[in-house]
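In what follows, chains carry the letters A, B, and so on, assigned in the order in which the sequence lines appear, proteins first and then strands, with residues in each chain numbered from 1. Owing to the predicted nature of the structure, the values given are computational and were not obtained by experimental measurement.
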Amino acid sequence: MTVLDTLKERGFVQQLTHEDEIAELLEKEKITFYIGFDPTADSLHVGHFLGMMVMAHMQRAGHRPICLIGGGTAMVGDPSGKTDMRKMMTQETIAYNGEQFKKQMQRFIDFSDGKALMLNNADWLLELNYVQFLREIGVHFSVNRMLTADCFKQRLEKGLSFLEFNYMLMQAYDFLELNRQCDCIMQMGGDDQWSNILAGADLIRRKESKPAYGLTFTLLTTSDGRKMGKTEKGALWLDSDKTSPYDFYQYWRNIDDADVEKCLALLTFLPMEEVKRLGALKDKEINIAKKTLAYEVTQLIHGKEEATKAQQAAEALFGGSGALDNAPTVTVPASAIGTKLLDVLSFTGIVSSKSEGRRLIQQGGLYIGDTTVGDPDFLFTADLLDNNTLLIRKGKKNYHRIVVE
RNA sequence: GGAGGGAUUCCCGAGUGGCUAAAGGGAGCAGACUGUAAAUCUGCCGUCUUCGACUUCGGUGGUUCGAAUCCACCUCCCUCCA
């Protein structure tokens with residue numbers, strides 16, 4: 001079974017430039033390919049992780065991945081899939097974000113002995129000469145054809161700046177550059193990158209008269225088509241300071257039934273027989289699949305130790321036994337004793353405002369043990385504490401440990 | 001450069017002098033039902049010292065007893081013309 005078969009079987013593959021040639025190529029040769037990641041935030045999120053999984057599968061099959069940090073392209077901003085113009089980011093922010101990306105990527109891809117490369121397109125894009133670029137690259141692009149590309153269509157309604165319109169040329173140039181520098185012959189990316197990838201492959205074929213290939217993989221969406229990995233706090237980040245391993249674990253533990261099998265296939269390395277077996281479980285049973293998914297994904301991103309802790313915390317809170325040490329914890333000073341519980345909740349950020357906290361309490365959504373706290377003036381007293389700790393529950397499944405220091 | 005249109009609470013989007021903290025939808029939160037799921041139904045959804053007070057409708061200033069709503073200037077965006 002070739003990597004392409006694997007990728008197909010697991011549900012990654014969306015579009016390919018030359019299906020048969022790619023199949024043959026991946027089977028018979030070890031190729032160099034790349035995926036680009038624009039550092040628009042200070043951490044990767046699950047969407048990026050999907051790309052890392054593709055890379056990992058490819059690397060396991062002996063191909064050489066290039067992680068391309070888009071330090072140059074992020075200066076412009078990709079209009080694909082966006083309805084609004086992006087905020088311009090400062091060069092410092094982009095550079096910082098790029099460094100964060102680098103650190104995280106090293107966990108998923110093996111960069112030892114040149115088995116993978118990490119490059120930054122800022123290195124060649126930022127110093128480009130405008131007129132030269134236009135003459136060398138710009139000539140090969142037909143505006144007429146670009147305008148028919150899907151990625152620009154919706155933006156033609158809403159407005160598209162010349163800055164963003166250039167993004168496609170820059171990405172195409174990246175591919176060409178990598179082809180020249182490292183003999184990179186394939187670009188992969190999320191399905192929204194299809195137009196950009198095609199542009200690059202075309203450019204290489206024209207300028208170098210050499211073959212170049214592209215493949216897009218599925219975007220992570222829920223069964224009803226929404227983008228996956230959205231939480232109340234925004235994206236599901238891979239950085240444990242932005243999304244704790246516990247919250248990360250819980251996200252997958254609570255995934256829709258309909259999405260379990262897909263996620264197991266895409267986001268874990270479990271063999272497909274196992275994925276299918278787990279995905280076929282019905283009713284209550286499917287919770288087993290969700291636990292497996294949550295553990296496996298958390299483990300890949302945060303490591304075994306953190307994944308186990310998250311799992312234990314969840315078991316302790318929902319299963320009713322075991323150590324609670326790893327449950328989400330906030331600390332308050334001893335002086336908080338004797339003040340209103342409401343104030344403590346607000347102070348620790350468990351509720352975002354006192355109004356919200358008051359509402360929560362009045363609606364009966366706050367619990368200590370199994371009893372609801374109905375009184376907004378309820379006091380946070382010492383006798384509630386067990387070992388300096390109070391475990392409260394907000395709604396059905398948001399637990400918080402309040403520890404007095 | 002000229003002509004017109006627009007900027008509303010997290011998002012979309014009503015509202016053109018008092019009854020508007022501002023319709024409706026989405027998101028979010030809570031309750032019921034459940035399987036730590038989905039769907040559904042119900043309530044909430046600016047802040048605070050919450051039966052009351054305060055702040056909000058791009059910015060600044062003005063008219064008025066009273067403005068998101070009227071006027072002036074400014075900023076940004078869109079459309080058409082050049």
Side-chain angles (χ1 to χ4, degrees), chain A residues 79 82-88 154-164 221-236 244 246-264 278-295 297-298 310-322 324 326-328 339-343 345-347 349-368 370-379 391-400:
Chain A
K82 303 281 179 310
T83 48
D84 297 311
M85 196 145 54
R86 283 221 182 149
K87 293 187 285 288
M88 286 256 243
Q154 14 169 324
R155 287 303 232 87
L156 287 177
E157 320 264 318
K158 283 261 182 177
L160 175 71
S161 67
F162 187 68
L163 176 81
E164 291 173 287
T221 52
T222 58
S223 50
D224 47 359
R226 294 193 312 264
K227 248 192 190 152
M228 195 179 281
K230 290 284 202 175
T231 68
E232 49 306 347
K233 300 241 164 85
L236 240 209
S244 72
Y246 173 82
D247 286 336
F248 189 84
Y249 178 94
Q250 282 295 306
Y251 179 86
W252 303 107
R253 176 62 187 81
N254 284 307
I255 198 108
D256 283 16
D257 288 7
D259 295 322
V260 177
E261 185 168 331
K262 179 170 71 185
C263 289
L264 280 167
L278 288 167
L281 296 173
K282 293 278 176 254
D283 303 320
K284 280 189 188 179
E285 293 276 281
I286 200 160
N287 282 321
I288 296 167
K290 292 186 187 182
K291 282 183 194 173
T292 308
L293 171 69
Y295 181 82
V297 185
T298 308
Q311 188 178 44
Q312 279 171 354
E315 296 295 325
L317 294 170
F318 294 97
S321 64
L324 290 168
N326 297 313
T339 61
K340 288 183 191 175
L341 215 210
L342 175 61
D343 293 332
L345 296 182
S346 160
F347 172 75
I350 293 172
V351 295
S352 60
S353 71
K354 287 192 188 178
S355 295
E356 187 188 306
R358 189 173 278 112
R359 239 175 265 136
L360 176 77
I361 293 173
Q362 284 169 344
Q363 289 182 130
L366 185 73
Y367 306 77
I368 293 176
D370 284 325
T371 50
T372 77
V373 177
D375 177 10
D377 294 326
F378 188 87
L379 294 179
L391 181 69
I392 57 148
R393 191 172 105 234
K394 174 177 168 283
K396 254 172 288 188
K397 54 193 181 193
N398 292 306
Y399 288 92
H400 294 275

Rounded to the nearest angstrom, tell me the gap between atom CD in Glu261(A) and atom C1' in A37(B). 16 Å

Distance in angstrom units between Arg393(A) CZ and G31(B) C1', rounded: 12 Å

Any strand, both distances under 3.5 Å, Watson-Crick or G-U wobble: U79(B) pairs with A3(B)

For nucleotides C10(B) and A23(B), find the distance between their P atoms and express it as a whole number of Å. 14 Å

If the C1' atom of U64(B) is compared with that of U69(B), how far apart are they to the nearest Å? 13 Å

For Pro328(A) and Tyr399(A), work out which heavy atoms get closest and say how close. CG-O, 3.7 Å

Under a 3.5 Å limit for both distances, which nucleotide forms a Watson-Crick or G-U wobble pair with A30(B), could you say? U42(B)

Counting only side-chain N and O atoms of Tyr251(A), is one of them less than 4.0 Å from OP1 or OP2 of A37(B)? no

Separation of Asp256(A) atom CG from U40(B) atom P, in whole Å? 12 Å

If the C1' atom of A30(B) is compared with that of C19(B), how far apart are they to the nearest Å? 31 Å

Which part of the nucleic acid, if any, lies within contact of Ile286(A), taking any heavy atom under 4.0 Å across all strands shown: a base, the sugar-phosphate backbone alone, or nothing? base

Taking U40(B) as the reference, what is the distance to C33(B) when you measure between their C1' atoms (whole Å, please)? 9 Å

Would you mind reading off the distance between Ile255(A) atom CD1 and A38(B) atom P, rounded to a whole angstrom? 10 Å

Pair Leu278(A)-Glu261(A), side chain to side chain contact (heavy atoms under 4.5 Å, CB included): steps then yes or no: CA-CA 7 Å; Leu278(A) 288 167; Glu261(A) 185 168 331; over 6 Å; no

Does Tyr399(A) reach a base, just sugar-phosphate, or nothing at all? Heavy atoms under 4.0 Å. nothing

Reported CD-to-CD1 distance for the pair Gln250(A) and Ile255(A), which is rounded to 0.5 angstrom: 12.0 Å

Would you kindly give the CD1-to-P distance between Ile361(A) and U50(B), to the nearest whole Å? 13 Å

Using OP1 and OP2 only, check whether a side-chain N or O of Lys397(A) sits under 4.0 Å from A37(B). yes

As its Watson-Crick or G-U partner within any shown strand, both distances under 3.5 Å, A22(B) has none

Hey, what are the protein-to-nucleotides 44-46 of chain B N/O distances that come in under 3.5 Å?
from	atom 1	to	atom 2	distance (Å)
C44(B)	O4'	Gln363(A)	OE1	3.1

When the distance from CG of Leu360(A) to P of U50(B) is rounded to whole Å, what number comes out? 17 Å

Partner nucleotide of A72(B) by Watson-Crick or wobble geometry (both distances under 3.5 Å): U60(B)

List in numerical order all residues of residues 287-294 of chain A for which some heavy atom is under 4.0 Å away from an atom belonging to RNA chain B. Asn287(A), Lys290(A)

Spacing of Gln362(A) atom CD relative to C48(B) atom P, expressed in whole Å: 13 Å

Taking every non-hydrogen atom, the tightest pair across Trp252(A) and Ala294(A): CB-CA, 3.7 Å

Report yes if at least one side-chain N or O of Asn398(A) is closer than 4.0 Å to OP1 or OP2 of A30(B); otherwise report no. yes

Assign Lys396(A) to base, sugar-phosphate, or nothing according to its heavy-atom contacts below 4.0 angstrom with the strands shown. base

Who pairs with C48(B) - Watson-Crick or G-U, where each distance is under 3.5 Å: G52(B)

Under 4.0 Å, heavy atoms only, any strand: does Glu356(A) hit a base, just the sugar-phosphate, or nothing? nothing

Roughly how far apart, to the nearest Å, are C11(B) and G59(B) at atom P? 14 Å

Same-atom distance (C1') from A72(B) to A53(B), integer angstrom: 33 Å

Measuring from Arg253(A):CZ to Lys397(A):NZ, what's the distance to the nearest 0.5 Å? 9.0 Å

In whole angstrom, give me the gap between the P atoms of C65(B) and U79(B). 43 Å

In whole Å, measure the gap between the C1' atoms of A37(B) and C44(B) for me. 23 Å

From C-beta outward on Lys354(A), which listed nucleotide comes closest to its side chain: A30(B), G31(B), C48(B)? C48(B)

